Amino acid sequence: MPYSPANIFLCHDGMPRAVSYQHPCGAEQSAEAGDYQPVIRGDRAWQADGRPAVVCAGWAADNRAYFNFIREASQ
């Protein structure tokens with residue numbers, strides 16, 4: 001998956017995630033596993049501790065491999 005500003009994958013480590021949802025009447029519903037809900041302000045996602053989200057290392061490695069493949073194929 002080549003990089004573009006519209007096509008970026010952020011690491012889920014440090015992101016806030018929903019554990020359960022509670023209705024004002026007191027009813028509670030468990031959230032799905034992996035229900036990550038980053039805080040989005042402007043065009044950035046933010047971690048639970050307030051730091052900006054980081055690009056996923058796995059995504060970055062795949063991105064480098066993709067561009068290396070393209071470069072080698074064009075030689």
Side-chain angles (χ1 to χ4, degrees):
M1 170 179 12
Y3 170 80
S4 78
N7 186 25
I8 191 166
F9 190 78
L10 300 172
C11 183
H12 71 280
D13 287 347
M15 291 293 197
R17 68 181 179 89
V19 176
S20 65
Y21 300 100
Q22 189 167 15
H23 191 272
C25 74
E28 190 169 318
Q29 173 68 41
S30 295
E32 296 283 327
D35 188 7
Y36 292 92
Q37 300 184 10
V39 175
I40 307 290
R41 278 189 234 120
D43 61 348
R44 300 273 333 231
W46 301 86
Q47 295 182 24
D49 64 3
R51 292 181 298 156
V54 295
V55 173
C56 177
W59 178 87
D62 284 347
N63 193 52
R64 280 192 304 276
Y66 171 81
F67 281 111
N68 287 337
F69 173 78
I70 296 299
R71 187 182 52 216
E72 290 171 6
S74 66
Q75 294 177 356

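None of the values given here were measured: they were computed from a predicted structure. As a basis for the values below, the full set of heavy atoms in this structure was taken, side chains included, without hydrogen atoms, waters or symmetry mates.
Annotation: side chain to side chain donor-acceptor pair (under 3.5 Å) contacts of Arg51 (sequence neighbours excluded): Gln47, Asp49. Under the side chain to side chain donor-acceptor pair (under 3.5 Å) criterion, Ser20 pairs with Glu28, sequence neighbours left out.
The 12-atom threshold is exceeded at CD of Gln22, counting heavy atoms of other residues, nucleotides or ligands nearer than 6.0 Å.
Nearest approach of Tyr21 to Ala31, heavy atoms of both residues: CE1-CB, 3.6 Å.
Under a hydrophobic clustering in which Ile, Leu, Val, Met, Phe, Trp and Tyr are joined whenever their side-chain heavy atoms come within less than 4.5 Å, directly or via other members, Phe67 and Phe69 fall into the same cluster.
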